[in-house]
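The basis for the numbers below is simple: all heavy atoms, side chains too, and nothing from hydrogens, waters or symmetry mates. Chain letters run A, B, ... following the sequence lines, proteins first and then strands; every chain starts at 1.
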Amino acid sequence: MSTELPDKYDPAALESAVTSRWLEKRAFQALPDDRSNRYVVMMPLPNVTGALHMGHAMDNVMQDLLIRWHRMRGDNTLWQAGTDHAGIATQAVVEKRLKEIDNKTRHDIGREALVERIHDWADQSQERIVRQQQGMGTSCDWDRARFTMDAVCARAVRHTFFRMFRDGLIYRGNRLVNWDCALQTAVADDELYKATVQGKFYYLRYPLQDRQDGEPEHVIVATTRPETMLGDTAVAVHSDPAGAMTQAIAAQRDKVAGASDKEKAAAEAELERLLERERTVLPTLVKINAMARGGRKILLPLVDRPIPIIIDDWADPTLGTGCVKITPAHDPNDYAVWQRHEEIGTINVLATDGTINERGGSYRGQDRFDARLNVVNDLDAKGLLEKIEDREIEIDHSDRSKTIIEPYLSKQWFVHMADVEGGVLMGEGTAKEFRAAGLAQAALDATAGALPDLPDGTPRSQVRFHPDQDRYRKMYDVWLGEKRDWCISRQLWWGHRIPVFRGEMAVEKLLMVEPMLGPHLSRDDVAAWVTLPDGTKLRPADAFAHLKGPNAPTEVEVQICFLDGSQDDALGPVLAGAGLELDPDVLDTWFSSAIWPHSTLGWPDPETAKVNAGQTPLGSKDGHPNSLDYYYPGSCLVTGRDIITLWVVRMVMSGLYNLGDVPFTDVFLHATILDGKGVRMSKSKGNGIDPLDIIERYGADALRYVVCELQTGTQDIRLPVQAISPFTKDGEDERLVDLATAKEGPFLGTFIDPVAKEPMDLIGQYGGEGITPAKATSDRFQVGAAFCNKLFNAARFAFLNLEDTGFTTLDPTTLALEDRWILARLAHAIRTVDEQLAAYTPSAAIAAARDFFWNELCDWYLEMIKPRFRAGADATSKAQAQQVLAAVMDQTLRLMHPFVPFLTETLWTRLRELSPRRGIATEFSDSELLVHALWPTADAGWDAPAIEAEIAAMQDWCVAIREARARYQVAPKERLVARFQADGDAATALHATASLLANMSGLSETTIAADAQRTPDSATVIRGAAKAFLLGVVDLEAEKQKLTGEAEKLRGRIGGIEKKLGNESFVSKAPAAVVERERGNLEKLREQLVGVEQSLADLG
RNA sequence: ACGCCCGUAGCUCAGUUGGUUUAGAGCGCCUCCCUUACAAGGAGGAUGUCGGGGGUUCGAGUCCCUCCGGGCGUACCA
């Protein structure tokens, strides 16, 4: 293949060629070997809901940066690729399409057909995701790509479930969950978002049952969801309304006293309100309290159900009406009340689709919002509606269906997070086995460094966060510290089915089947629980004993889980005969992604892991360990802040549980990408960008360069987005519309083109509404393209001069000044890049690489050596320049590779052809592909501080001379005669660098002497005690003005320091070194001022 | 309501444990230059009461308090 570089930088052509080479050569393949240094990154698996966006690009590039860096450092590097089935999100998307395209629901086509459709969708998404990732240069091992629903992952899911179930950590319970009425499933807290809706606050009158004299006619309660009254099981009042009121008033008085001027009015108003309540509401509450103690009841209207008035301090006398309706099945707080007063019971009045169920009497079948209106109207008709107030309500919505979430009491599966009596055995059966207080506690211990030492006495790994350990660990700890049980069941069809056969069984029947069932239940690979009506959970043996005893109940719940999935089919019919059915629900997606760091490596048994055809086997091979032993635990998880609670926590927990060790030791949290308005970027909002659009426009390297540059630390990043206007006419220039300032259009994700005054659709969803689609871009990426262009051209220049460059051993100290200088600067750059990557600050790393390359290599070194490549130049000098240039290019390409891999890989091929052997004192190692080349190390022999200082001084002169040239408008081509007035070190340095300086600042002739004189037409350039006179350029007045200005500045600075040094406290209290430095500065400035004044005097 | 983060040049961001006089970078802007690698380039230049106020200190963009503005998280909302 021709590796000759084209004239112009063309990222598209070059990148696709490089991608093909990498893939053909399986350049990213990871195989266990003898190396003990490993680097393992588990990609936070993108879900198959749709395409990747800018946030993924950030995540991918950050991982690739670390991966390529470590790979080049010689680590055995694994980057695990794959995708997540994302149960609810994917099913929601496919169901939505089903509805839109075929106008069918999932129930119309059935479970099997729906799952098949989702599989198709997932396949398409995966393909697109892989294309996007490969387009970005993502260097993960494609031969190990996994999917959370594939055979390898599925087996691990089952094993994990089985173990937790067997250990009693997974249980089925009747709990209040977040219910999505549209998708008809429980959803996690993480899948909710708050939205403010305009709602109403209804005050309802509940009549008393058998009202007695002196009692109020009604108990008034308030609610925003009146239809839930159908499920009320009590009304609560505070245990001591008067006391609570008095206390609240006292507290408010304190607040008023301590309030700032601004808060005062509000505080006083609140106090006034409380006092008013004390007069008007409290007496009633006191009465109701007494009635509650007397066991009086309410007759719940519409359903005519007597419900008790109970005493519970959840009812706050200062709020609402002071009394609270209690609906345990539909409100978290009421649920808590029920747990304190179990006798009141629960009544669930909602069906799974959000309509009122049979317990709602005549409202049955009505949607909850219709029922709300009807309930209110009916109450009103009966005179039971006190009043209605308008109120803004912040309410949970499902992120998946965008509908209002209902708190819903239902039977769900949970993972027990809190501590367990006797502890939890972690890493059972491994060499790292230990006992933890509970699952959540184990994960907390992992970040606290509080896990017990390994059996051999070495400390167990600890999880650390970067780049801000304290901040992120706190987020992790706070979330985990609640130890809230994790609801893992979803009423979906897409996902891992919960592998439990269960059912209510008559004890009589259970005992009858015992002879047949018993032997199975005692097997190691079968876990079973029998739950008594009082909630006691017993293992089969204990259960049978108990059920044969005197106090046996008549009915129990039986749950059975097989470790081996094939047993489901084998024994399913038998169990069905006994009345046990496989649970219809599926597991929360996070259950499978939580074990991703070890499921992908073949856990529980890599030797038998069923990978797909053509994939890397996970078992041991050629005497090398299996993938799990070799690659677990991993190194670093790279992700965004919001994932800490979703993933990091669960991965740590399940890694510890299954393997007794953390899945990774480091967590790198990168920034969130925001749009120009500071809003989190997402494709669904229309403020997002598809990485492939950027790649098409600017190239993948440009994308990567900018993304690295954006990652500065913990700071989120604003990336202003522009729409490419679809309304430009042929021949007209492309027009970009800034979306931060553009007016929004009629729908979410549409914007008005300010010139055409037409709406554009940035999310491609409003074709039906006739809105023109538009692509998004960001001109921030131009910077990256410019950088790549510069690198390309610098390499082109180098390559023009590197034909047949050889290698001979060179002593760096004997090289030309500029050669020694660039090597010294290179060593410095390598060290800085390394340090910054280690510190997880890519922007600082890339800035160091860029500064070296652009500001030193291009701006100075390449210019300085040009004369040595011209015809007639000294042959040895030329050869050395070539060898040094080749060596510097070699190291620079390596150093840049993790940032801009495509371009550097391309240039590397050409460099190797032109100069097959490269190095300075010793020859560098070589590698066909740059991906596999060794990372550069800063050679201490290249350091040359004295030379760096000399060149820095030369550059300082050069800039000053250029500035004078610019000021006097000397044409670039005009060479000037310069006389330097200098002695001592300044003169020595000038002598050493004179030819370089002449070359770089356009001097035809330089003389250096202590008594050099200016000519009347000279411009004067002053550096410290030395001066340069540039002959024949000056405008006397301008020169005077410039020198006067300079003198003024100097006097100002001198004055400042004199003042500082004149301050007795500064001199006595500041560190001696600081004072000394100031004195030195003062000395230098005074010297300089004398020089300037002298020059002014010379001008006359 | 509480907790965390942020507010530095027109824009996007650096600024390490307080200490080099006059606070940096990139983009944008102004002047000049198509110099044989690169106009996606080169040379030079301008631009900030570091959100406001107060305090600690010899010294504050950096530490403390307070207010204002923005983001995120958690809770509450009968």
Side-chain angles (χ1 to χ4, degrees), chain A residues 5 7-9 201 221-225 228 235-236 260 262 314-316 319-327 331 333-334 391-395 468 471 474-475 478-479 482 641-642 645 672 674 676 678-680 698 702 709-710 712-720 740 779-780 782-801 839 841 843-844 847 850-851 858-859 862-863 866 870 959 962-967 969 971-973 1002 1049-1050 1052-1057 1060 1063-1071 1073-1075 1077-1078 1080-1082 1084-1085:
Chain A
L5 294 183
D7 290 343
K8 289 263 176 204
Y9 171 55
F201 200 41
V221 295
T223 178
T224 56
R225 298 179 297 158
T228 61
V235 166
S260 65
K262 222 187 110 197
W314 162 241
D316 183 342
L319 290 177
T321 65
C323 292
V324 195
K325 63 193 274 300
I326 302 297
T327 325
D331 183 278
N333 297 305
D334 295 359
R391 183 184 261 213
E392 280 191 347
I393 309 165
E394 210 175 296
I395 197 160
D468 189 339
R471 178 179 168 196
K474 193 172 174 185
M475 285 175 69
V478 164
W479 192 88
E482 293 194 27
R641 262 198 312 280
D642 48 332
T645 51
T672 304
L674 314 173
V679 176
R680 186 194 175 85
Y698 300 103
E709 202 178 52
L710 293 175
T712 56
T714 55
Q715 175 77 329
D716 283 345
I717 299 142
R718 280 185 188 221
L719 189 64
D779 53 18
R780 286 290 304 272
Q782 256 158 13
V783 176
F787 173 83
C788 293
N789 183 59
K790 185 75 175 175
L791 179 55
F792 176 85
N793 280 296
R796 257 187 86 220
F797 168 76
F799 295 166
L800 286 175
N801 294 291
T841 42
S843 79
R850 178 203 182 276
D851 289 349
C858 292
D859 289 352
L862 293 186
E863 295 302 328
K866 272 180 182 174
R870 293 207 179 106
V959 169
R962 285 172 180 172
E963 192 265 332
R965 293 179 64 116
R967 190 152 30 87
Q969 305 204 309
K973 280 178 185 161
K1049 266 191 188 171
L1050 283 169
R1053 293 185 205 175
I1054 288 166
I1057 300 185
K1060 202 170 192 179
N1063 183 340
E1064 180 46 38
S1065 324
F1066 173 71
V1067 178
S1068 58
K1069 291 186 181 167
V1074 174
V1075 177
R1077 190 171 56 218
E1078 291 298 340
N1081 286 335
L1082 184 60
K1084 277 186 215 153
L1085 289 171

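Relative to the side chain of A:Arg962, the nucleotides B:rC13, B:rA37, B:rG44 differ in distance, and B:rG44 lies closest. For A:Tyr9, the side-chain atoms get nearest to B:rA40 when compared with the rest of B:rC13, B:rG44, B:rA40. Listed nucleotides B:rC38, B:rC33, B:rG3 differ in distance to A:Pro972; the shortest reach to its side chain belongs to B:rC33. Taking every side-chain heavy atom of A:Pro720 into account, B:rC11 is the closest of B:rC13, B:rC38, B:rC11.
Residues passing the salt bridge (charged side-chain N to carboxylate O under 4.0 Å, His left out) test with A:Lys790: none are found, sequence neighbours excluded. Residues forming a side-chain contact (heavy atoms from CB on, under 4.5 Å) with A:Asn333 (at least two apart in sequence, or on another chain): A:Trp314, A:Asp331. Listed by chain and number, the residues in a side-chain contact (heavy atoms from CB on, under 4.5 Å) with A:Leu862 are A:Ala794, A:Phe797, A:Leu857, A:Cys858, A:Ile865, A:Leu885 (sequence neighbours excluded). Applying the ring pair (Phe, Tyr, Trp, His ring centres under 6.0 Å) rule to A:Phe1066 yields no partners; only residues at least two apart in sequence or on another chain are considered. The salt bridge (charged side-chain N to carboxylate O under 4.0 Å, His left out) search around A:Arg641 returns A:Asp716, not counting sequence neighbours. When the salt bridge (charged side-chain N to carboxylate O under 4.0 Å, His left out) test is applied to A:Arg796, the partners found at least two apart in sequence or on another chain are A:Asp7. Residues forming a ring pair (Phe, Tyr, Trp, His ring centres under 6.0 Å) with A:Tyr9 (at least two apart in sequence, or on another chain): A:Phe792.
Across all strands shown, A:Cys788 has no heavy atoms under 4.0 Å from either base or sugar-phosphate atoms. The residue A:Lys1084 sits apart from the nucleic acid: no heavy atom pair falls under 4.0 Å.
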Protein N or O to nucleotides 71-77 of chain B N or O, pairs below 3.5 Å:
from, atom 1, to, atom 2, distance (Å)
B:rA75, OP1, A:Arg484, NH2, 3.4
B:rC77, OP1, A:Asn333, ND2, 3.3
B:rC77, OP2, A:Asn333, ND2, 2.7
B:rC77, O2', A:Arg391, NH1, 2.7

Atom pairs, protein N/O to nucleotides 16-26 of chain B N/O, distance under 3.5 Å:
from, atom 1, to, atom 2, distance (Å)
B:rG19, O2', A:Arg1077, NH2, 2.6
B:rU21, O2', A:Arg1053, O, 3.4
B:rU21, O4, A:Arg1053, NH1, 3.4
B:rU22, N3, A:Arg1053, NE, 3.3
B:rU22, N3, A:Arg1053, NH2, 3.0
B:rU22, O4, A:Arg1053, NE, 2.1
B:rU22, O4, A:Arg1053, NH2, 2.4

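As rounded to the nearest Å, B:rG26 and B:rA40 have C1' atoms that lie 14 Å from one another. B:rA60 and B:rG41 have their C1' atoms separated by 41 Å, given to the nearest Å.
Where A:Lys8 and A:Asp316 meet RNA chain B, the nucleotide closest to each residue was compared, and A:Lys8 sits on the side nearer the 5' end. RNA chain B is contacted by both A:Asp468 and A:Arg870; A:Asp468 maps to the nucleotide lying nearer its 5′ end (nearest heavy atom per residue).
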